[in-house]
Amino acid sequence: MNKKAIFLSALLTIALLLMPFSASASYTPPDSVPVRSEAVLMVNVETGEIIYEKNADKRMYPASLTKIVTTMIALEEWGDRLDEQVTVDGALFDDLGWGYSNAGLKDGEVLTMRQLLYAVMVKSACEGSNVVADAVGGSVSNFVDMMNERVKELGCENTHFVNPHGLHEEEQYTTARDLYKIVQNAMQLPVFMEICSTARYRMPATNMNEERTLVTTNLLMDQATGGKYYYSLAKGIKTGYTPEAGRNLISTASQDGYTYLLITLGAPSEDENGEPISDMYNFMDAINLYEWALPNFQVKSLVDQQEPSGEVNVHLGDEKDSVLAYPGEDFSALVPKNIEKSSILLVPDLPDTVDAPIKKGDKLGTAKLMLAGEELGTIDLVAGESVNRSEFEFYMEKINEILSSTWFKVAVIAVVALILAYAVIAVILNQKRRKNKRINRSRKM
């Protein structure tokens, strides 16, 4: 196993599992950075921040990027059995037509699942994809069902597969954003990055073939075949091409502790007149975007926790009628290197008044962090000090609440009514007694 590949796989896995709060802003490359692909998504692996996106939710044909899902499911299902042998059934090639990318597999050839996955990901072997699908799923059609179910589990809403190899089908589609979810999961499988970061794989001799070397289709990774498209910082992941899909590429590149995952779909292979384009724009877009992002972005602390962000009135405070609100947490984001804290606009969302008592650190509200009109994220704003409650004011307010309450007013009215009723009855009874006394006196006379 390649030590560099193992290290990269471990690094990416840890970064994905420990991904901190991510910012939501994305940026637009300058005009000097041409991007010809139809759909693009570029994400910083360490932070999960989207640096650039273009038509990320547009349905596109995946072509051989399909093989990422095929390999992912094989690794999930056969992760501890990769060295088990599989016998190639030549009948599995019947639906492939002609001119497809292949690794020269033959009917009856015996290989391990590991060797098959190298053939699929390094050489983009379509026949190898069918062999893997049949071995893992029991049949190719059953494996395709597994693919569709798995991507739904990953939250892909605009992805559907008809085959495991990526040869064109109208109903085989995906989006850059869905592919990001898929690759995010695949990169957490330890062997995945080892396989797809391999530029040249020496396939051992089998019962049907002599030893042969499989050369990657990803020209970013192989200096001998890549020529002007070779990019030493790139690792993985997969190319894809059909006339209908255009040129697709998913890759990563790392420098100075930062790793980017880049998905580019639909780079043109023909001009407006239908003539072939000699330049491979998928690789050119990748190089242009990496050379823009890698030297120009860095993670910066954008919030000063010692700087108040607002003030809130305190109701019933003891010797305090307001409290300052401070950022309750550090906030870091991947931003252009020339961005300073002073460029960040903090927009607080605080209530007009809060009730005492308040403890230092209690949440008072939130604040949005804005950069050039783009929201970077949201943080909590907390009380910078404790404020005790004035017990005298508290009880006076309670008394006032009681006195001004409807039920108290009804009770007072009821008492007054009872007093008046009592007074009326007393007067009537008193008058009646006097009358009776006069009657009694007259009778005695």
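FYI, the numbering just counts along the sequence from 1.
- Here A119 pairs with A103, A125, M203, L214 under the side chain to side chain contact (heavy atoms under 4.5 Å, CB included) rule; sequence neighbours left out.
- With hydrogens and angles disregarded, a donor-acceptor distance shorter than 3.5 Å links the side chain of N55 to the backbone of E38.
- Here the shortest heavy-atom pairing between L41 and A56 reads CD1-CB, 4.1 Å.
- Counted within 6.0 Å of CD on E244, heavy atoms from surrounding residues, nucleotides or ligands total more than 12; the atom is thus considered enclosed.
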Q: Check step by step if side chain to side chain contact (heavy atoms under 4.5 Å, CB included) holds for M146 and V136.
A: CA-CA 10 Å; M146 293 170 64; V136 175; 4.3 Å; yes
Q: Apply side chain to side chain contact (heavy atoms under 4.5 Å, CB included) to V69 and M72, showing your working.
A: CA-CA 5 Å; V69 181; M72 178 184 74; 4.3 Å; yes
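- Taking each heavy atom of L381 and A325 in turn, the nearest pair found is CB-CB, 4.2 Å.
- Crowding of E210 atom CD: a count of heavy atoms from other residues, nucleotides or ligands under 6.0 Å not exceeding 12.
- Taking 4.5 Å as the limit, some side-chain heavy atom of N130 sits within range of a side-chain heavy atom of H165.
- Under the ring pair (Phe, Tyr, Trp, His ring centres under 6.0 Å) criterion, W78 pairs with no residue at all, not counting sequence neighbours.
- Pairs engaging residues 261-288 under the salt bridge (charged side-chain N to carboxylate O under 4.0 Å, His left out) rule: K228-D279 [sequence neighbours left out].
- Put simply, the side chain of I182 reaches to within 4.5 Å of the side chain of V151, judged on heavy atoms.
- More than 12 heavy atoms of other shown residues, nucleotides or ligands fall within 6.0 angstrom of atom NZ in K181.
- Under the rule for a salt bridge (Lys or Arg N to Asp or Glu O under 4.0 Å), the partners of D83 that lie at least two apart in sequence or sit in another chain are R114.
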Please tabulate, one pair per line, all N/O donor-acceptor pairs under 3.5 Å involving side-chain atoms of residues 297-307, not counting sequence neighbours.
| unit_1 | atom_1 | unit_2 | atom_2 | d |
| --- | --- | --- | --- | --- |
| K300 | NZ | K337 | O | 2.5 |
| K300 | NZ | I339 | O | 2.6 |
| D304 | OD1 | Q306 | N | 3.0 |

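- Between atom NZ of residue K235 and atom OG of residue S254 there is a gap of 9.0 Å, rounded to the nearest 0.5 Å.
- The two residues E171 and V162 have their closest heavy-atom pair at O-CG2, 3.6 Å.
- Atom CD of E49 is separated from atom CG of L376 by 8.0 Å, given to the nearest 0.5 angstrom.
- Considering only residues two or more places apart in sequence or on other chains, Y100 meets the ring pair (Phe, Tyr, Trp, His ring centres under 6.0 Å) condition with none of them.
- N388 places no side-chain N or O within donor-acceptor distance of the main-chain N or O of D318, the cut-off being under 3.5 Å.
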Q.
Between T225 and L219, does the side chain to side chain contact (heavy atoms under 4.5 Å, CB included) criterion hold? Intermediate values first, please.
A. CA-CA 6 Å; T225 60; L219 301 184; 3.9 Å; yes
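- Between the side chains of E170 and Y61, a donor-acceptor pair is found at a separation under 3.5 Å.
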N/O donor-acceptor pairs under 3.5 Å from side chains in residues 344-373, not counting sequence neighbours:
| unit_1 | atom_1 | unit_2 | atom_2 | d |
| --- | --- | --- | --- | --- |
| D355 | OD1 | H315 | ND1 | 2.9 |
| D362 | OD2 | K359 | N | 2.9 |
| K363 | NZ | D380 | OD1 | 3.4 |

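- Residue T198 holds its OG1 atom at 10.0 Å from CE of M193, rounded to the nearest 0.5 Å.
- Interatomic distance, T112 OG1 to R81 CZ, rounded to the nearest 0.5 Å: 13.0 Å.
- In this structure, V382 has no side chain to side chain contact (heavy atoms under 4.5 Å, CB included) partners at least two apart in sequence or on a different chain.
- Taking 4.5 Å as the limit, every side-chain heavy atom of V132 sits out of range of all side-chain heavy atoms of P164.
- The two residues A245 and A63 have their closest heavy-atom pair at CB-CB, 3.9 Å.
- Residues Y258 and L334 are in side-chain contact: their nearest non-hydrogen atoms beyond the backbone lie under 4.5 Å apart.
- We find the OG1-CD1 distance between T174 and I68 to be 9.5 Å, quoted to the nearest 0.5 Å.
- In this structure, K238 and C196 have side chains that are not in contact, with every pair of non-hydrogen atoms separated by 4.5 Å or more.
- The backbone N or O of S124 lies less than 3.5 Å from a partner atom in the side chain of S101, making a donor-acceptor pair.
- Between Y180 and I50 the shortest side-chain heavy-atom distance does not fall below 4.5 Å.
- Every ring pair (Phe, Tyr, Trp, His ring centres under 6.0 Å) that Y118 has, sequence neighbours left out, goes to Y201.
- Among residues at least two apart or in separate chains, ring pair (Phe, Tyr, Trp, His ring centres under 6.0 Å) pairs with a member in residues 259-286 are Y229-F283.
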**Q.** Evaluation steps, side chain to side chain contact (heavy atoms under 4.5 Å, CB included), between S251 and Y290
**A.** CA-CA 10 Å; S251 59; Y290 285 137; 2.7 Å; yes
Q. What do the steps show when you test N163 against D95 for side chain to side chain donor-acceptor pair (under 3.5 Å), and what is the final call?
A. CA-CA 10 Å; N163 63 59; D95 69 330; over 6 Å; no
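- Evaluated for a side chain to side chain donor-acceptor pair (under 3.5 Å) with T239, the options T217, N218, T216 yield exactly one hit, T217.
- Salt bridge status for E149 with K152: absent, with no side-chain N to carboxylate O gap under 4.0 Å.
- Nearest approach of A253 to Y231, heavy atoms of both residues: CB-CE2, 4.1 Å.
- Side-chain contact between V314 and K320 is absent, with no heavy atoms from C-beta onward closer than 4.5 Å.
- With sequence neighbours excluded, the residues satisfying salt bridge (Lys or Arg N to Asp or Glu O under 4.0 Å) with R212 are E109.
- Using modelled atom types, no side-chain atom of N185 and backbone atom of L154 make a donor-acceptor pair closer than 3.5 Å.
- Heavy atoms only, all atoms of each residue included: T66 and M147 are closest at CG2-CE, 3.7 Å.
- Side-chain atoms of D178 come within 3.5 Å of backbone atoms of E157 as a donor-acceptor pair (strictly under, hydrogens ignored).
- For D57, the salt bridge (Lys or Arg N to Asp or Glu O under 4.0 Å) partners are R177, not counting sequence neighbours.
- The distance from atom CG of L65 to atom CG of L265, rounded to the nearest 0.5 Å, is 6.5 Å.
- In the displayed structure, D31 atom CG is contacted under 6.0 Å by at most 12 heavy atoms of other residues, nucleotides or ligands.
- No hydrogens or angles considered: nothing links the side chains of K54 and S37 as a donor-acceptor pair under 3.5 Å.
- For the pair L111 and L105, the minimum side-chain heavy-atom distance is below 4.5 Å.
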